[in-house]
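Notes follow the structure.
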Amino acid sequence: MAMPETEPTPAGDDRGAPVGRRVVLGLLGLGAIGVVTGSSIQGGLDAVLTPVQQIDPTGLTGLLPGAYFRYYTVTDGYPSVTDSAYRLVVDGLVDRRLDLTLDDLQLLPPRELVRAFQCVTGWRVPGVRWKGVLLSNLLDQAGVQPRAKALRFRSFDGVYTESLTLDEARRDDVIVAYSLDDRPLSQAHGGPVRLYVAPMYGYKSIKWLSAIDVVSSVEPGYWETVGNYDVEAWVGRSNGRNDPAT
Ligand SMILES: Nc1nc2c(c(=O)[nH]1)N[C@H]1C(S)=C(S)[C@@H](COP(=O)(O)O)O[C@H]1N2
Ligand SMILES: [Mo]
């Protein structure tokens, strides 16, 4: 399968927040380019944004086009699974393999986080409300063995992967999320369940989460391999960017 080498241009947004005239014009311009030249221009988004960022000392316009999510997928569409068929498997170097339903997850103590969501290509959505279960809670239930050092995450899109060290995974701002802005996580956003790693760029937050393997060392994920992104994806201190913290 041919894989894109950069994150794609916008596929959509779901925030009705008012946007300034420059932003609207910018979006129209990018859209028009996309229509004329087709998908080969996809890598051009960064090229368009980067010069703006460089001439604006506040860095703020570098975050154009603003308060919109873009729905990303590296496969041909959005994979689909019903809430009742959904399963999250936690396996590998654990004492007990977990096979969790959506109900199982929703019966555990919820953890809510309100944070900016930031993609490493420059778009940022402020004040997003996430709800889910602490990843550390699931790890405690499974019982992590002493040799374990890292986690490998898999998606039911069959292609995307991600990783975290065990220490990162145990942070209190890393959750297995099933709700966004007080609604069930939509299919486009990776529903019914995705990972949400608040302190890191969006690519860590794998959508359509299907399995968590507890392993002995970090294995770089999809964009870290295909796009050469940093494995340690801290917002503001990775990938050569200097964005405001989430
Ligand atoms: N399975 C999967 N997860 C993914 C991606 C993807 O393409 N496939 N894109 C990542 C990137 S680069 C970002 S910025 C966010 C975007 O989340 P959204 O599509 O909900 O806006 O998802 C991350 N998780
Ligand atoms: Mo991203």
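Whatever order the structure lists ligands and atoms in, that order sets their numbers, starting from 1. Please read all numbers here as calculations on a predicted model, not as lab measurements.
- Within the structure, salt bridge (Lys or Arg N to Asp or Glu O under 4.0 Å) contacts touching residues 141-150 (residues at least two apart or in different chains) do not occur.
- One side chain, Tyr201 or Asp243, offers a donor N or O that lies under 3.5 Å from an acceptor on the other.
- Scanning for ring pair (Phe, Tyr, Trp, His ring centres under 6.0 Å) contacts around Phe153 gives an empty result, with sequence neighbours left out.
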Between side-chain atoms of residues 91-100 and protein atoms elsewhere (two or more places apart, or another chain), which donor-acceptor pairs fall under 3.5 Å?
residue, atom, partner, partner atom, Å
Asp91, OD2, Arg97, NE, 3.2
Arg96, NE, Gln141, O, 2.9
Arg96, NH2, Gln141, O, 2.9

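- Between the NZ atom of Lys207 and the CG atom of Leu185 there is a distance of 8.5 Å, given to the nearest 0.5 Å.
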Return a table of N or O atom pairs, ligand 1 on one side and protein on the other, at distances under 3.5 Å, rounded to 0.1 Å.
residue, atom, partner, partner atom, Å
ligand 1, 1 (N), Asp157, OD2, 3.0
ligand 1, 1 (N), Lys207, O, 3.4
ligand 1, 3 (N), Lys207, N, 3.0
ligand 1, 7 (O), Val74, N, 3.3
ligand 1, 17 (O), Arg194, NH2, 3.2
ligand 1, 19 (O), Arg70, O, 3.2
ligand 1, 19 (O), Tyr72, N, 2.9
ligand 1, 19 (O), Lys207, NZ, 2.5
ligand 1, 20 (O), His189, ND1, 2.6
ligand 1, 20 (O), Arg194, NH1, 2.7
ligand 1, 21 (O), Arg70, O, 2.5
ligand 1, 22 (O), Arg194, NH2, 3.2
ligand 1, 24 (N), Ser205, O, 3.0

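- Side chains of Tyr222 and Asp157: no donor on one and acceptor on the other come within 3.5 Å.
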